[in-house]
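Structure provided below as structure tokens; questions to follow.
Here the structure is a predicted model, which means the values were calculated and not measured. Residue indices begin at 1 and follow the sequence shown.
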Amino acid sequence: MDSTNLMVLFVFCILIIVIFIQYKKISKINKIYALSNQETTATMIDFENEIEKKAILIDKKEEFISNQSNQMQIIKRKYEDEIRDLKSYYKGIEGQLRNFGEINTHNILVDLKTELVESDVIKPNQMLIMSNIFVPFRDKKGELASRQIDHLLLMSSGAFAIESKYWQGNIMYGVSKSKEKEFGFILEKLYPKNKMDDESTIIFTENFGTNLEKDNKSIESLNVLSYGDPSGQVKSAAATLSSLFKGHGEKAWVTPVIFFNNKNKKFKNYSSSKEPVVILDEKSLREFLIDKIKNKNEFSEEQLKRMEKIVKDVNYLNN
């Protein structure tokens with residue numbers, strides 16, 4: 001073999017060795033790449049699994065929050081219903097107290113009439129009792145309105161609009177800023193728009209509460225209730241009714257009366273006004289009406305029936 005052939009053989013061997021080395025490197029790289037792909041795939045699967053777990057956890061939290069929100073809404077509606085029912089209950093109690101006072105006065109009037117008729121002091125048509133009536137009038141704007149009267153008593157001796165007040169506590173009737181200066185700060189707080197001589201009524205009621213700063217001892221305190229001017233209320237109603245009678249050709253002045261018919265009260269009259277007539281108990285009411293019957297005979301039975309019809313007709317229209 002000549003030198004040329006030897007050189008060719010040598011080069012060929014070198015090339016074979018180089019190719020083998022490169023093949024080994026490529027095989028190693030392929031293994032590394034394959035392993036890397038496996039690890040990447042595993043990592044991606046783990047990552048996806050983790051994301052899925054977190055998504056499930058988030059869904060559960062959102063579901064929990066939604067359930068809690070629904071529960072809160074249910075609780076809120078429940079308490080709102082309870083508060084509404086409680087307000088309705090108190091309103092009903094207030095109405096019952098008012099109705100009780102009016103029913104009590106009505107029964108007193110009916111009993112008195114029965115006694116007077118049975119004893120031949122009056123005839124049945126000489127004392128007409130009407131309760132819870134409404135009298136129409138035009139307000140300052142010319143719009144139709146009405147005033148409510150608890151009891152209208154039409155007698156031969158006169159017409160009387162009686163307002164029943166079933167109030168208890170310490171009643172300060174007819175107080176004003178100018179005269180009763182000891183109540184000035186209270187009146188100023190309750191009625192800041194009142195003039196100095198405007199009369200109002202305030203009531204002090206006892207209240208027992210718990211003072212946490214004094215070893216939970218029960219202490220006595222006072223509540224101050226404001227009722228405006230009840231005398232103005234009944235005087236306006238009586239004047240409106242008098243105008244109604246006059247408009248129908250009947251000259252009849254209606255006397256306003258306030259009857260405080262709750263026995264659990266202490267009463268002090270600060271008013272300087274002669275009207276309305278203020279009566280504090282059943283005995284005084286009976287005596288007042290009997291005295292009126294004995295001393296005066298103003299209306300005939302026919303007049304009383306006409307006046308009764310006038311009131312019934314306007315009440316029918318209001319209803």
For this session: Return yes if a side-chain donor-acceptor contact under 3.5 Å exists between Glu102 and Asn104, otherwise no.
Result: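 No, Asn104 and Glu102 have no side-chain donor paired with an acceptor closer than 3.5 Å.
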Exercise. Got a second to check how far Leu244's CG is from His248's NE2, nearest 0.5 Å?
Worked result: 5.5 Å
Exercise. Can you check whether Leu241 reaches Ile149 side chain to side chain, under 4.5 Å on heavy atoms?
Worked result: yes
Problem set entry | NZ-CG distance between Lys123 and Leu116, expressed to the nearest 0.5 angstrom |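 Answer rounded to 0.5 Å: 14.5 Å.
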For this session: Give a yes or no on whether the backbone of Ser164 and the side-chain of Asp150 come within a donor-acceptor separation of less than 3.5 Å.
Result: yes
For this session: Determine whether Leu304 and Glu308 make a side-chain contact, defined as any pair of heavy atoms from C-beta on separated by less than 4.5 Å.
Result: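 When only atoms from C-beta onward are counted, Glu308 and Leu304 do not touch, as no gap falls below 4.5 Å.
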For this session: Check whether Val311 and Met155 end up in the same hydrophobic cluster, where Ile, Leu, Val, Met, Phe, Trp and Tyr are linked by side-chain heavy atoms less than 4.5 Å apart.
Result: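 No, separate clusters.
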For this session: To the nearest 0.5 angstrom, please state how far the CG atom of Leu128 sits from the NZ atom of Lys309.
Result: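 Answer for the CG-NZ pair, Leu128 versus Lys309, is 14.5 Å.
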Exercise. Any donor and acceptor pair, going by atom type alone, linking the side chain of Lys251 with main-chain N or O of Lys246 inside 3.5 Å?
Worked result: no
Exercise. Between OG of Ser157 and NZ of Lys294, what distance do you get to the nearest 0.5 Å?
Worked result: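 The NZ atom of Lys294 is 12.0 Å from OG of Ser157, to the nearest 0.5 Å.
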Exercise. Does some side-chain heavy atom of Ile162 sit less than 4.5 Å from a side-chain heavy atom of Leu109?
Worked result: yes
Exercise. Applying the 4.5 Å side-chain criterion to the ILVMFWY set and letting contacts propagate, would Val257 and Leu153 be lumped into a single cluster?
Worked result: yes
For this session: Indicate, with yes or no, if Ile290 and Val121 share a hydrophobic cluster defined by side-chain heavy-atom contacts under 4.5 Å among Ile, Leu, Val, Met, Phe, Trp and Tyr.
Result: yes
Exercise. Is a donor on one side and an acceptor on the other found under 3.5 Å between the side chain of Glu118 and the backbone of Glu115?
Worked result: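 No; zero donor-acceptor contacts below 3.5 Å.
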Exercise. Strictly under 6.0 Å, is that where the ring centroids of Phe288 and Phe160 end up?
Worked result: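 For Phe288 and Phe160, the ring centres are under 6.0 Å apart.
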Problem set entry | No-hydrogen, no-angle side-chain donor-acceptor test under 3.5 Å, Glu282 and Asn261 | no
Exercise. How many angstroms lie between atom OG of Ser242 and atom NZ of Lys235, to the nearest 0.5 angstrom?
Worked result: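 Between Ser242 OG and Lys235 NZ, I get 13.0 Å after rounding to 0.5 Å.
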Exercise. Under 4.5 Å between any side-chain heavy atoms of Thr201 and Trp167, yes or no?
Worked result: yes
Exercise. Where does the angle between the aromatic ring planes of Phe260 and Tyr173 fall among parallel (under 30°), tilted (30 to 60°) and perpendicular (over 60°)?
Worked result: perpendicular
Exercise. So how far is it from Met172 CE to Lys268 NZ, rounded to the nearest 0.5 Å?
Worked result: 7.5 Å
Exercise. Side-chain contact, heavy-atom cut-off 4.5 Å: Lys266 with Ile171?
Worked result: no
For this session: May I ask you to check whether over 12 heavy atoms, not counting those of Lys292, lie within 6.0 Å of atom NZ?
Result: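 Open.
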What donor-acceptor contacts under 3.5 angstrom involve side-chain atoms of residues 271-281, with partners at least two apart or in another chain?
unit_1: Ser271; atom_1: OG; unit_2: Glu199; atom_2: OE1; d: 2.8
unit_1: Ser271; atom_1: OG; unit_2: Glu199; atom_2: OE2; d: 3.3
unit_1: Ser271; atom_1: OG; unit_2: Ser273; atom_2: N; d: 3.1
unit_1: Ser272; atom_1: OG; unit_2: Lys179; atom_2: NZ; d: 3.3
unit_1: Ser273; atom_1: OG; unit_2: Glu275; atom_2: N; d: 3.3
unit_1: Ser273; atom_1: OG; unit_2: Glu275; atom_2: O; d: 2.6
unit_1: Asp281; atom_1: OD1; unit_2: Lys283; atom_2: N; d: 3.3
unit_1: Asp281; atom_1: OD1; unit_2: Ser284; atom_2: N; d: 2.7
unit_1: Asp281; atom_1: OD1; unit_2: Ser284; atom_2: OG; d: 2.8

